[in-house]
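Here the structure comes first, spelled out in structure tokens, and everything after it is commentary.
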Amino acid sequence: MLPNLALIVMFTYRPLFQNFYYSTLSWELGSSVATKVGLDNYVDFFSSGEAGKVLLTTAIFTVGTVGFSLALGLMVALALNRKLPGAGFAQATVFAPYVLSGFAVALLWLYIFDPNIGALGAILRALGGTSPDWINNPTLTLVMVIIVYVWKNLGYAAVIYLAGLQAVPNDLLEAAMLDGAGPVRRFWSVTFPLLSPTTFFLLVTVILNSLQAFDLLIGLDRLGRGARTLIFDSYLTGFVEADAGRSAMLSTVLFVILVALTLFQLVYVERKVHYR
Amino acid sequence: MTTIEAAAAPKAQRRGLRALLLRDYLVLVISVLIVLLPLVYLLFSSFKSPGDLATTQFQLMPETWSTANYDQALDQLPFGRFFLNSAIVTVVGAGLKVLLAIFTAYGLVFCEFPGKTYIFWAVLATLMVPPQVTVLPNFVFISGLGGVDTYWGLILPGLATGFGTFLLRQAFMQLPPEIMEAAELDGAGHWHRLWHHVVPMAGPSIATVALVNVVYEWNDYLWPLVITNDPDMMTLARGITLLRNSDNLAASVGPIMAGTVMVLVPVLLLFAVLQRHIVNGFTQGGVKG
């Protein structure tokens, strides 16, 4: 086990602390000269308009992907839970995009969304419309990225919700039915409240995953014109603009957010265990 | 739910139930189509002739089937090499990761040593540190050692494995203690106990960890993106990036589609065969929530 521990120290903990250190430097990637600037990178970022812009993009992306993944995931899970013939096949199919390469998925959808040669534009034109400019309009680019991300990750939420649904006791639903509750009422008064631990778990894990999304973003939005989230900004700043100090600052901000979310989840799970 | 409703529903409710089932069926059919159609479209498109591809008309099937896109992709870039590199990185990377996870989990479960709990927490905490946060320092470090455009540079930094260790520790702790005690009484050493008792009994869990790692390594993008510049050392997903260097997709869409098929198909085939294990692997932990 020593090699693994050594690797963990070497490639997870060491770089983590190194990152804090880099974030206090003014340093061009590849250059041998670095100047200590203390917290200037942080101050610059948060006092300029850019922090607001990047954090807003990150927030819109996260809220959009999480909201749609959970809502549509629950809808699919409810349908899967009927055990209709073919449900197993449907479950596997819906989950499949989750295991595919984010970058390849991005290229596939880029072709579909392309305003000139894409299938979507062609269909819209055939219906008498025109294709929106998904590539050059930053807002539409962000919308496109959210749609593709939800397509790829919906299956995860669906499968987790399905597991949650299967744990909902039948006798409660039966009792509600005898009380005259219709299917809609049964869902909102019995099933949905009982699913709240699942919803909470998904909320945190899907937020964490969305904050780490990168392959799909760079595949669809090569230069980060519309979907420049924190992590994407950190990559472009560090590896394209070669501003290593600022890039390390950005990934440190991201790391703090991730840790805060994880701790929030741990505290909640702890409480839930107490309740039982 | 279906069964209770069918049993308890008076005749008047039957019709409502049928409508409900129909709606659920519709949801399933639509979701399956939304997933499958783009993939089928991609596959067909990759076999279209260049003229069919860059058309402004919608067309699902190729007019004439042609391998021109694949020929062009292989012509422009060393796709054979990309494929080989992806295979090497995946097999070696995932293989070593599983081995490391087995050893670490065994140590954490069956060996006694001071500070064990702290070490476990230190391993667990790495799950909070995504590779995206450590990519810059790791790049500076590995490139300083001359790891750019080498296999070891591609593979080494990803080997530290918190996820696999965590899952296998859970699996090992559930093994029946009597068997381990009996083996110890027989005088079997740790090495023997590990390979002859623990690994065979925890086989399914180890296979799950291996599958998740194989998929992960094959799809990995950020690290290969920064650590390779020489096309001969690039993995598949990293390699197609070379084709995607302008906003004018039409210019290179054929080879891009062919390359995308080459990235997706191996994982799709693996998924088709082992989907249950893969779904389990990727949703572990979720069940507890």
Side-chain angles (χ1 to χ4, degrees), chain A residues 1 3-4 7-8 11-12 15-16 18-19 22 75-76 79 82-84 90 92-101 103-104 107-108 110-112 114 116-117 119 122-123 126 135 159-160 163 170 173-174 177 183 197-198 201 212 214-215 231 238-239 244 247-248 251 254-255 258-259 262, chain B residues 1-2 4 8 20-21 24-25 27-28 31-32 35-36 38 41-42 54-58 100 103-104 107 123 126 128-130 132-134 136-138 157 159-161 165 215 219 221-222 226 237 240 244 247 249-250 253 256-257 260 263-264 267-268 271 275 278-279 282-283 286-287 289:
Chain A
M1 65 183 278
N4 192 20
L7 285 166
I8 285 178
F11 295 110
T12 305
L16 189 60
Q18 196 118 22
N19 222 18
Y22 287 172
M75 207 170 91
V76 173
R82 295 273 176 183
K83 316 250 165 21
L84 298 163
T93 309
V94 172
F95 192 83
Y98 189 72
V99 300
L100 298 178
S101 147
F103 190 71
L107 295 180
L108 151 64
L110 199 65
Y111 176 46
I112 294 177
D114 189 277
N116 300 316
I117 57 170
I123 293 172
I135 311 299
V159 169
I160 301 281
N170 264 339
L173 291 167
E174 230 163 321
M177 197 153 65
T198 311
F201 170 83
Q212 294 170 37
F214 174 75
D215 320 4
I231 171 159
F239 289 96
S247 169
S251 49
L254 174 69
F255 176 66
L258 294 175
V259 170
T262 314
Chain B
M1 260 166 87
T2 317
I4 343 165
L20 217 62
L21 285 179
D24 285 330
Y25 226 101
V27 170
L28 290 189
S31 2
V32 167
V35 170
L36 284 187
Y41 180 61
L42 167 74
T55 173
T56 52
Q57 302 289 311
F58 177 68
L100 287 169
F103 289 141
T104 316
V123 171
T126 61
M128 271 195 301
V129 189
Q132 288 89 335
V133 170
T134 53
L136 181 73
N138 276 338
L159 288 182
T161 172
T165 305
V215 170
N219 291 341
Y221 183 71
L222 177 57
V226 301
I240 332 177
R244 162 119 174 86
D247 281 337
L249 186 69
V253 67
I256 289 184
M257 289 303 109
T260 307
V263 181
L264 295 183
V267 174
L268 278 174
F271 184 75
Q275 46 104 349
I278 296 181
V279 173
F282 275 95
T283 52
V287 194

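All heavy atoms count here, side chains included; hydrogens, waters and symmetry mates do not. Everything quoted here is computed from the prediction, not taken from an experiment.
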Suppose we screen for ring-ring contact (aromatic ring centres under 6.0 Å, His included). Which residues come up paired with B:Y41, at least two apart in sequence or across chains? A:Y111, B:F58

Indicate the atoms forming the closest heavy-atom contact of A:A92 with B:F271, along with that distance. O-CE2, 3.2 Å

To the closest 0.5 Å, what do you measure between OG1 (B:T260) and CZ (A:F103)? 8.0 Å

Among B:N219, B:V215, B:V267, which residue meets the side-chain contact (heavy atoms from CB on, under 4.5 Å) test with A:S101? B:N219

Heavy-atom cut-off 4.5 Å, strictly under: side chain, backbone, both or neither for B:V253 against chain A? side chain

Which one, B:L136, B:L268, B:L42, B:L222, leads in non-hydrogen pairs under 4.5 Å with chain A? B:L136

Any side-chain heavy atom of B:P130 sitting closer than 4.5 Å to one from A:L258? yes

Determine whether B:V35 and A:F95 satisfy the following criterion, side-chain contact (heavy atoms from CB on, under 4.5 Å), listing intermediate values before the conclusion. CA-CA 9 Å; B:V35 170; A:F95 192 83; over 6 Å; no

At what distance, to the nearest 0.5 angstrom, does OG1 of A:T93 lie from CD of B:Q275? 8.5 Å

Which atoms of A:V99 come close to chain B, meaning under 4.5 Å heavy atom to heavy atom: side chain ones, backbone ones, both, or neither? both

Find the one option among B:V263, B:V226, B:I256, B:I240 whose heavy-atom pairs under 4.5 Å with chain A are most numerous. B:V226

Between atom OH of A:Y98 and atom CD1 of B:I278, what is the distance when rounded to the nearest 0.5 Å? 13.0 Å

Nearest heavy-atom contact between B:Q132 and A:Q212 is NE2-O, 2.7 Å

